Structure formats: C-alpha cells, structure tokens
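See structure below.
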Amino acid sequence: LPGIGPYTAGAISSLAFGRRAPILDGNVIRVLCRIDRIESDPRTPAVNKRLWERAEEVLPRKSVGDFNSALMELGATICTPKSPKCLVCPVREHCEAAAGGVVDRIPVVAKAKARPMVERWTVCIRHGEKWLIEQRPAKGRWAGLWQFFTVEQPSGMDAKVIPAMVRSALGIDVKGVQLLGSISHDLTHRRYRFGAFACQAKQMAVGEDGRRRVWIELSKLDEFPLPRPHLKIAEMLARIRHVS
C-alpha cells in the first residue's frame with residue numbers, strides 16, 4: 001500500500017495482530033547498536049539490514065506487540081541519545097557498549113548535509129463546489145498519493161503565467177488566480193516549499209496526459225490519501241469563502 005513501509009507494516013502486524021514482526025525506528029536502532037556495540041553507521045544498507053535481522057531475532061514468541069512497544073519506550077526514556085540512564089537500564093547486563101564504556105559514541109552521529117530547497121507551485125482549481133485533484137506517479141516521492149495540480153516553480157516567473165500554464169497542461173481556462181500562502185515541508189534529504197494558489201475553472205476537464213484526475217468536494221477529500229503538504233493546503237481551502 002502507498003505509504004506503508006517496513007516500519008509501519010511491522011507496527012501494524014505486531015501491535016494490532018500480535019504477529020512476530022520487528023519494528024526498527026530511531027529508538028530501537030539506538031538500543032540495538034548499543035547492546036551489540038555496533039560502531040558502524042546504522043544508515044548504511046549493510047548495517048541497516050543487520051539491524052532489521054537483529055530486531056527480529058530478539059522478538060519473543062508471545063506478546064510481541066508489548067515487546068516492541070517496550071523496546072521503543074526503552075530508547076525514548078532510558079537509552080536516550082544524550083545522557084542515557086544506564087544505571088537503571090533493565091538490559092544493562094546485556095549491553096556491550098556499556099561494558100566497554102562507549103555508550104556516548106554509539107550510534108555514530110552523521111554529519112549534517114546541506115539539503116536542497118525544491119520549489120513547487122500548487123494550483124487549486126475549482127469548478128462550482130468541486131476541486132481538481134490528480135494522482136501522483138506509482139514511483140518516486142509520495143508514490144500513488146493524490147494532490148492538487150502541482151508543477152515545478154518556473155524560474156523567474158510570477159503568478160501571472162498560471163492561467164496559460166494550466167491551459168497548456170490541462171486544457172482548462174481559469175480566472176481569478178489568488179495566492180493562498182506558502183507551505184514548507186522538510187524531509188531528510190531535501191526541503192520543499194509549495195506556493196499555493198486558488199482559481200476558478202471556466203469548464204470541467206481532466207487533462208489528457210495519462211494521469212488520473214477527478215473533481216471532488218473538499219468534504220470528500222478523506223477518501224483520497226494526500227501527502228501532508230497537500231493536507232495543509234486543503235485546510236487553507238476550507239477557509240476560503242469565495243474564489244472570484
């Protein structure tokens with residue numbers, strides 16, 4: 001399912017259904033790295049694979065959901081990134097990092113990398129009480145999720161080009177373009193900034209580039225999974241009383 005990775009799948013399987021499935025989040029990674037004294041970078045594919053295998057090895061036969069919850073809680077409250085409470089840790093006797101006096105060096109802290117800023121324009125197109133949304137490609141960022149019409153921000157251009165841009169991409173004539181605001185969204189390797197606009201369509205159309213598009217009322221948007229930035233944009237739209 002779109003948006004369901006190994007961590008979420010493990011959480012659902014173990015917490016909701018009691019199945020023997022591992023969970024590997026930041027807290028669990030830190031606990032396992034210290035217990036096994038893993039001094040290599042846990043973000044590398046080989047070490048990450050090893051940690052997933054280790055997370056599965058330590059699972060009990062019963063109460064798997066409780067165990068996974070406890071493991072995450074251990075990392076959040078006792079085996080913390082800074083000043084861990086090793087003296088009261090219930091698994092201290094099994095911890096190789098504590099035995100070797102290297103807890104403060106594990107896991108390896110990655111050097112901060114510069115994250116590029118990706119600029120996008122999101123144009124929310126309205127016809128009557130319905131808004132146009134489109135489905136993202138099956139691969140890539142937010143694969144398979146739905147969004148309002150979004151393009152790369154044209155370099156050196158202002159919002160006056162939006163009607164021509166929409167007509168060229170979707171075959172829709174629009175009027176009354178107004179700026180809603182800006183939405184920022186930070187990810188691990190990049191940052192996004194969405195300039196959000198709203199406008200009125202003179203006719204209903206869906207474009208002919210092969211991408212799935214539908215006209216939907218805001219009240220029914222919960223039937224379509226949207227990325228977080230577009231959920232915020234939808235909240236902005238809900239506050240609009242009129243688009244001229």
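It should be emphasised that the depicted structure is a prediction, and the values quoted were computed from it without experimental measurement.
- In this view, W121 and F197 satisfy the ring-ring contact (aromatic ring centres under 6.0 Å, His included) rule, not counting sequence neighbours.
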### Message
Determine whether I78 and V88 satisfy the following criterion, side chain to side chain contact (heavy atoms under 4.5 Å, CB included), listing intermediate values before the conclusion.
### Response
CA-CA 8 Å; I78 302 296; V88 296; 4.1 Å; yes
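- For residues 31-78, there are no ring pair (Phe, Tyr, Trp, His ring centres under 6.0 Å) pairs, not counting sequence neighbours.
- The stretch residues 178-204 participates, sequence neighbours left out, in these salt bridge (Lys or Arg N to Asp or Glu O under 4.0 Å) pairs: R115-D186, E119-R193.
- With hydrogens and angles disregarded, a donor-acceptor distance shorter than 3.5 Å links the side chain of Q203 to the backbone of G171.
- A21 and S13 make their closest contact through CB-CB, 3.8 Å (heavy atoms, listed as atom of the first residue, atom of the second, distance).
- Sorted by first then second residue, the salt bridge (Lys or Arg N to Asp or Glu O under 4.0 Å) pairs that include residues 80-104, not counting sequence neighbours, number zero.
- Hydrophobic clustering (side-chain heavy atoms under 4.5 Å, transitive across Ile, Leu, Val, Met, Phe, Trp, Tyr) groups I38 together with V31.
- The number of heavy atoms from other shown groups lying within 6.0 Å of CD (E217) is above 12.
- Both W142 and V118 belong to a common hydrophobic cluster when Ile, Leu, Val, Met, Phe, Trp and Tyr are linked at side-chain heavy-atom distances under 4.5 angstrom.
- Residues satisfying the ring-ring contact (aromatic ring centres under 6.0 Å, His included) test with F194, not counting sequence neighbours, are Y192, H230.
- Nearest heavy-atom pair across Q200 and G128 is NE2-N, 3.5 Å.
- With sequence neighbours excluded, no residue forms a ring-ring contact (aromatic ring centres under 6.0 Å, His included) with H94.
- Every pair tested for salt bridge (Lys or Arg N to Asp or Glu O under 4.0 Å) that includes a residue from residues 6-34 fails, sequence neighbours excluded, so the list is empty.
- Taking 4.0 Å as the cut-off between side-chain N and carboxylate O, E134 and R211 count as a salt-bridged pair.
- V174 and A201 get closest at one heavy-atom pair: CG1-CA, 4.1 Å.
- In this structure, the side-chain hydrogen bond (donor to acceptor under 3.5 Å, both in side chains) partners of R136, at least two apart in sequence or on a different chain, are Q147.
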Can you list, pair by pair, the side-chain donor-acceptor contacts under 3.5 Å of residues 53-64, counting residues two or more places apart and other chains?
residue, atom, partner, partner atom, Å
E53, OE2, K49, NZ, 2.6
R54, NE, D36, OD1, 3.4
R54, NE, D36, OD2, 2.6
R54, NH1, E57, OE1, 3.4
R54, NH2, D36, OD1, 3.2

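- With sequence neighbours excluded, no residue forms a ring-ring contact (aromatic ring centres under 6.0 Å, His included) with Y7.
- Formation of a donor-acceptor pair under 3.5 Å by the T77 side chain with backbone atoms of E73 is found in this model.
- Sorted by first and then second residue, the pairs that involve residues 146-172 and meet ring pair (Phe, Tyr, Trp, His ring centres under 6.0 Å), not counting sequence neighbours, are W146-F224.
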### Task
Given side chain to side chain contact (heavy atoms under 4.5 Å, CB included), test L231 with L221 step by step and report yes or no.
CA-CA 9 Å; L231 289 173; L221 270 182; over 6 Å; no
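- Residues C89 and L74 are in side-chain contact: their nearest non-hydrogen atoms beyond the backbone lie under 4.5 Å apart.
- Side-chain contacts under 4.5 Å among hydrophobic residues (ILVMFWY), followed directly or transitively, place V102 together with I106.
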### side chain to side chain contact (heavy atoms under 4.5 Å, CB included) evaluation trace for I12 with F17
CA-CA 7 Å; I12 294 172; F17 299 100; 3.8 Å; yes
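- Within a 6.0 Å radius of CZ in R120, more than 12 heavy atoms belonging to other residues, nucleotides or ligands are found.
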